[in-house]
K.L.:
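My structure is below; once you've seen it, I'll send some questions.
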Amino acid sequence: MAQDWGKEMTITGPETRCMQRMGGVDGMQALLNVLYVLRTETEVAIENKEGRLTWCEQREHFGFPSHDADPTLREVRRLQGR
């Protein structure tokens, strides 16, 4: 019996609202996918662009991993010339 690793993720701010369903082939991949999306969503959030988003007094690089941390995605980008 296959396990459903998909979960709903919601990011809410005064001017930002993002709801997505993330998943993966196992719990670790699902977690990494959520962290990758969190990084992207925080970077494009209106609160971040206006300099109002902070975490532990940091205003950028909130500790979420980059997609470049995934060797498979890094290789795909290399092959695409990005």
Side-chain angles (χ1 to χ4, degrees):
M1 182 170 156
Q3 178 128 10
D4 177 16
W5 294 102
K7 298 294 176 197
E8 294 281 330
M9 177 189 78
T10 304
I11 301 170
T12 306
E15 299 177 42
T16 299
R17 181 159 175 88
C18 170
M19 184 182 292
Q20 294 187 31
R21 181 169 173 80
M22 297 280 96
V25 295
D26 59 19
M28 182 57 75
Q29 186 183 40
L31 174 62
L32 286 172
N33 288 340
V34 166
L35 293 174
Y36 293 150
V37 170
L38 280 172
R39 178 185 174 115
T40 301
E41 291 297 331
T42 56
E43 287 177 358
V44 301
I46 293 169
E47 292 86 349
N48 188 43
K49 290 181 178 182
E50 294 177 350
R52 297 184 291 131
L53 184 62
T54 62
W55 182 35
C56 298
E57 300 180 19
Q58 293 182 19
R59 295 198 178 273
E60 57 184 321
H61 308 294
F62 300 108
F64 300 118
S66 165
H67 287 85
D68 294 332
D70 185 325
T72 304
L73 293 174
R74 201 170 43 237
E75 179 65 8
V76 167
R77 282 198 187 90
R78 186 187 70 76
L79 293 172
Q80 293 175 342
R82 293 194 264 163

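In this text, all values refer to a predicted model and were calculated from it rather than measured experimentally. The analysis underlying the following values was restricted to heavy atoms, covering all of them including side chains, and did not include hydrogens, waters or symmetry mates.
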K.L.:
Where the side chain of Glu47 meets the backbone of Glu15, is there a donor-acceptor pair that is under 3.5 Å apart?
P.N.:
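Present.
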K.L.:
Please check if Phe64 and Leu31 belong to a single hydrophobic cluster, counting links between Ile, Leu, Val, Met, Phe, Trp and Tyr side chain heavy atoms closer than 4.5 Å.
P.N.:
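Yes, Phe64 and Leu31 fall within the same hydrophobic cluster.
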K.L.:
Could you check if a side-chain atom of Thr40 sits within less than 4.5 angstrom of a side-chain atom of Val37, using non-hydrogen atoms only?
P.N.:
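Contact flag for Thr40/Val37 side chains = no.
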K.L.:
For Asn48, run the side chain to side chain contact (heavy atoms under 4.5 Å, CB included) check against Thr54, Thr42, Leu53 and tell me which one passes.
P.N.:
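With Asn48 as partner, Thr54, Thr42, Leu53 yield a single side chain to side chain contact (heavy atoms under 4.5 Å, CB included), made by Leu53.
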K.L.:
Could you note down all residue pairs passing ring-ring contact (aromatic ring centres under 6.0 Å, His included) where residues 29-48 supplies at least one of them, sequence neighbours left out?
P.N.:
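For residues 29-48: Tyr36-His67.
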